Colleague: 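This structure is in structure tokens; I'll ask about it shortly.
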Number of protein chains: 4
Amino acid sequence: MTTRRQFIVACSSGAVAMAHSLSAVAQGGAARGGAADTLVEDLVAGNRILAMEGVLDAMGHISVRHGTRPDRFLLARSMAPELVTAADILEYDLDGNAIDARDRTSYLERFIHSEIYRVRSDVRAVVHCHTASLIPFADSDVPLRAMYHMAAFVAEGVPVFDIRKAAGLTDLLVRDAALGKALAKSLGQKPAALMRGHGAVVVAASIPNVVGRSIYLDVNAKAQAQAIALGGKITYVEADEAKLRMSDTNEYSRAWDLWKRKVAR
Amino acid sequence: MTTRRQFIVACSSGAVAMAHSLSAVAQGGAARGGAADTLVEDLVAGNRILAMEGVLDAMGHISVRHGTRPDRFLLARSMAPELVTAADILEYDLDGNAIDARDRTSYLERFIHSEIYRVRSDVRAVVHCHTASLIPFADSDVPLRAMYHMAAFVAEGVPVFDIRKAAGLTDLLVRDAALGKALAKSLGQKPAALMRGHGAVVVAASIPNVVGRSIYLDVNAKAQAQAIALGGKITYVEADEAKLRMSDTNEYSRAWDLWKRKVAR
Amino acid sequence: MTTRRQFIVACSSGAVAMAHSLSAVAQGGAARGGAADTLVEDLVAGNRILAMEGVLDAMGHISVRHGTRPDRFLLARSMAPELVTAADILEYDLDGNAIDARDRTSYLERFIHSEIYRVRSDVRAVVHCHTASLIPFADSDVPLRAMYHMAAFVAEGVPVFDIRKAAGLTDLLVRDAALGKALAKSLGQKPAALMRGHGAVVVAASIPNVVGRSIYLDVNAKAQAQAIALGGKITYVEADEAKLRMSDTNEYSRAWDLWKRKVAR
Amino acid sequence: MTTRRQFIVACSSGAVAMAHSLSAVAQGGAARGGAADTLVEDLVAGNRILAMEGVLDAMGHISVRHGTRPDRFLLARSMAPELVTAADILEYDLDGNAIDARDRTSYLERFIHSEIYRVRSDVRAVVHCHTASLIPFADSDVPLRAMYHMAAFVAEGVPVFDIRKAAGLTDLLVRDAALGKALAKSLGQKPAALMRGHGAVVVAASIPNVVGRSIYLDVNAKAQAQAIALGGKITYVEADEAKLRMSDTNEYSRAWDLWKRKVAR
């Protein structure tokens, strides 16, 4: 069993880089208290897990709300998720401003995160992805439906955000707060939203849960597409079943432990 | 060629862990006799093979009936299958009680196993899985059919267990003996059953066979979905052909030898 | 660049095993002359390449006609292809009898090979496989068609062998010479035949070509299924185009060199 | 962080081979100036990235226009892309003649590159591939459409080149300048063209962009096929949205950095 400390060392490309990182985090978030290191560790792990599982490629990102300041969140600097180390984690306010960026550049689409944290106090972690299995549903009028208990949250509904309907002609990117607000409005109180011609956003109350939801949203989309292709009558997971299933708020904890061990290798 | 002894050493994450494990098994099952170690070894291998082949992810489980006490069975403690070592194997009675759990927690859905062992004296190994290729068929009214000799057992029929029809509103999990009995009743004398909104259960007379059936059920489901998508007339393996094929009770032995070597690396 | 000699050493699990093997081959086939070692090396490589590329799993086999005695062929003993070394190669006559088997067991379905070599003097290598992408076509009345130049040979036609029509009720296996003859008759002068409820047989004038055909038959089947699913009008490679393309009898040589290097690692 | 110099050493199979290579390049292209080494390095990386990502198998190729002589381009000798080192890069004129080939053989289809460079002054890099996901569209009358911002360039249109309509009966290969001119004419001012019964050609203003386009053309084709299979109404990325998105001419730079690091390992 690797300890959390050993884990983050393994994830970093070098001890020097990590020492720099923890120092940077300390400077940027002195008020976060004892859980800060754990949040950063889990955010690094979340980046690497989503890359390992094919949910993210070189693009996309995952963030977590600050442990003690709910008007702040943590997000990697602009880079490929599978290379993120603790030294790459920045702290942002809800206007999408980096607190102590120095020479580190920010993701253009950080407003996806900031505007969702602003209006969804229940949300503590956000993933933005372009997972290939989700694009067909994002561009189609066939809605995502829950195929099995591992993706029960899908039964709550996954709306589609069409940036053109919200904001007219764009380059499809959520590149400012106004577009982030429009996306957050489409998302409403749901666990995820598809983005037409772009990808998806997934939210949850913790890093393990947002990672689990992102991974099983991918599995669910593939399974639903296959079920439709069979041509028969499909019985989806019903809303009341899903609600009971989701009362288990640690539903992805066993998977999270496995994923963390795998990226730590 | 690795010996069985070398194999289990390779599978364990360390010799200390394994020594602890064999000791624990010995304490918990003194009556199992000389074949006990082989059963535990094969159960560990089965866990790792099903993970390697993508039949199981972090969830799902495989069990084997006790070698000398048919009212007992062996199953890992609650954990991801790909991490299971001999030290993690627990012994259960047919009410789903762990004999000597100490601080080790049990899978919530162990009743899938206990209730099938209770009513199916021919069954010596059980797999419960959520394999992605099976979910479309579990939710659809299109039945699984046997595509080729490697999955001939499918020709015996694979019923769908709908927990809602059996037990009304649930969180979809087989979390007690009553639900286990309902599932076992749906399974009847068949080699496998799909579980609506959940996954599948596969049974056989040995660990190699239940592993082989689980792997080729996955291949068969994908091939059948593809055949349906071709849009032509499909000729499935017929029941009498399948019966002849299944008279070879060691049909997966060559594959088993290969799989064991691969997880031992 | 690895030499052929280095390659076979890398493929063998040990030098002792290989020395034993070459000795066995020498004893069994003194009349084969200088090219014998190359044939054995390429046959070992072919086994491992087809496993690496997913054309064969633990089952299926590849053979080559003897270099100097056209009434003999070489085939591994009954084992998983990805584990085959030179020590495992046996020599057979056209009745499917092993010349010097000693304690090594034979594949049950060796008659697929023997009966094709008997009637197809142009054939010098044979693959029998259960590749998942081929099973939908083997069970369907939708014929395989050539999608692109890499699988031009498909344009010659790939008939389906239905063992039930040829021989009535069986366990689907080609377990004797009579069934082998029926399969060879279905194959006729074609480069491959599908086997209903079972898999396929692929033939060519050399090991590199039969390996290349087997690999690209798999790619072609997937691409054709996808093209059909698009729902539009499909223009397949036409017979006269394919004929011109197939005049290049070393079409897979660049791929063969790459594949051999990869299995030698 | 690996330096460019370290990277190319890692890519070469040996220092001796590389020294020979750089010497050969110097002899063949004294006029290229200081950026020549970077182009060669990136071309080697492009070969390996496209193999790693499954866009190229043993066949297909990638080229780049000469840094200072626009009437020249660089392309590997005839070999599998995943094995290419700097020593294998040759320089060609726009008639497809190698400048200093010595004993190194040329790809038969180098005319795909030469004739596109001749008529498309905006193009600085070309990929020719047989990616499996593209073949169904190459053979179908269903056009490729842009599914998401990562493949916005598809919205400009991807014509299909049917060699039979252009040149009558052939073996499907672009084996001379006349066929190359016909392909270049089909391509017109578009970013890519499919080739019926064969594959595709992709062009861009740089190596990172042509690699990125080739990889996301593959993802886009799979996603579009899946969207069609869902059976609903699809909203593709519209031309004006794509045009805005494509104003970012470094759209694949973050991915390129990741890919280079991965092939350098």
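Note that the structure is a prediction, hence the values are computed from the model and not measured. Just so we're on the same page: letters track the sequence lines, and every chain starts at 1.
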Colleague: Could you tell me which portion of D:K243 (side chain, backbone, both or neither) has an atom closer than 4.5 angstrom to a non-hydrogen atom of chain A?
Modeller: neither
Colleague: Given the rule in the side-chain contact (heavy atoms from CB on, under 4.5 Å) test, do A:H113 and A:Y92 qualify, once you have shown the distances and angles that lead to the verdict?
Modeller: CA-CA 10 Å; A:H113 304 262; A:Y92 289 90; over 6 Å; no
Colleague: Out of D:Q226, D:K233, D:K262, D:R245, return the one with the most heavy atom pairs under 4.5 angstrom to chain A.
Modeller: D:K233
Colleague: Does any N or O in the side chain of D:H128 come within less than 3.5 Å of the main-chain N or O of D:A200, such that one atom is a donor and the other an acceptor?
Modeller: yes
Colleague: Considering only NZ, NE, NH1 and NH2 on the basic side and carboxylate oxygens on the acidic side, decide whether D:D257 and D:R254 come within less than 4.0 Å.
Modeller: no
Colleague: Where does A:I135 contact chain D at under 4.5 Å (heavy atoms): side chain, backbone, both or neither?
Modeller: both
Colleague: Between D:M150 and chain A, with a heavy-atom cut-off of 4.5 Å, which part of the residue counts as in contact: side chain, backbone, both or neither?
Modeller: side chain
Colleague: Report the option among A:D171, A:I163, A:D57 that has the most heavy-atom pairs separated by less than 4.5 Å from atoms of chain D.
Modeller: A:D171
Colleague: Which heavy atom in A:G46 sits nearest to a heavy atom in A:V211, and how many Å separate them?
Modeller: CA-CG2, 4.0 Å
Colleague: Given a strict heavy-atom distance threshold of 4.5 Å, which part of A:E82 is in contact with chain D: side chain, backbone, both, or neither?
Modeller: side chain
Colleague: Tell me, out of A:A132, A:A138, A:A225, who's got the most heavy-atom pairs with chain D below 4.5 Å.
Modeller: A:A225
Colleague: Looking at D:E156 and D:K190, does any basic side-chain N land under 4.0 Å from a carboxylate oxygen?
Modeller: no
Colleague: Identify the two heavy atoms, one from A:L43 and one from A:L74, that lie closest to each other, and give their separation to 0.1 Å.
Modeller: CD2-O, 3.5 Å
Colleague: Quick one: of A:V142, A:T170, A:D162, who has the most non-hydrogen atom pairs under 4.5 Å with chain D?
Modeller: A:T170
Colleague: Can you tell me which portion of A:L134 sits under 4.5 Å from chain D's heavy atoms? Options are side chain, backbone, both or neither.
Modeller: neither
Colleague: Under 4.5 Å, counting heavy-atom pairs only, tell me which of D:T235, D:V219, D:I234, D:V237 racks up the most with chain A.
Modeller: D:T235
Colleague: A:M195 versus chain D, heavy atoms under 4.5 Å apart: side chain, backbone, both or neither?
Modeller: neither
Colleague: Within this structure, what is the CG-CD1 distance for the pair D:L75 and D:I62, rounded to the nearest 0.5 Å?
Modeller: 9.5 Å
Colleague: Is it the backbone or the side chain of A:A229 that comes under 4.5 Å from a heavy atom of chain D, or both, or neither?
Modeller: neither
Colleague: Need one label for D:Y236: side chain, backbone, both or neither, based on atoms under 4.5 Å from any heavy atom in chain A.
Modeller: backbone
Colleague: With a 3.5 Å cut-off and no angle check, do the side chains of D:S63 and D:Y117 form a donor-acceptor pair?
Modeller: yes
Colleague: Has A:D218 got a side-chain atom pairing as donor or acceptor with A:S214's backbone, closer than 3.5 angstrom?
Modeller: no
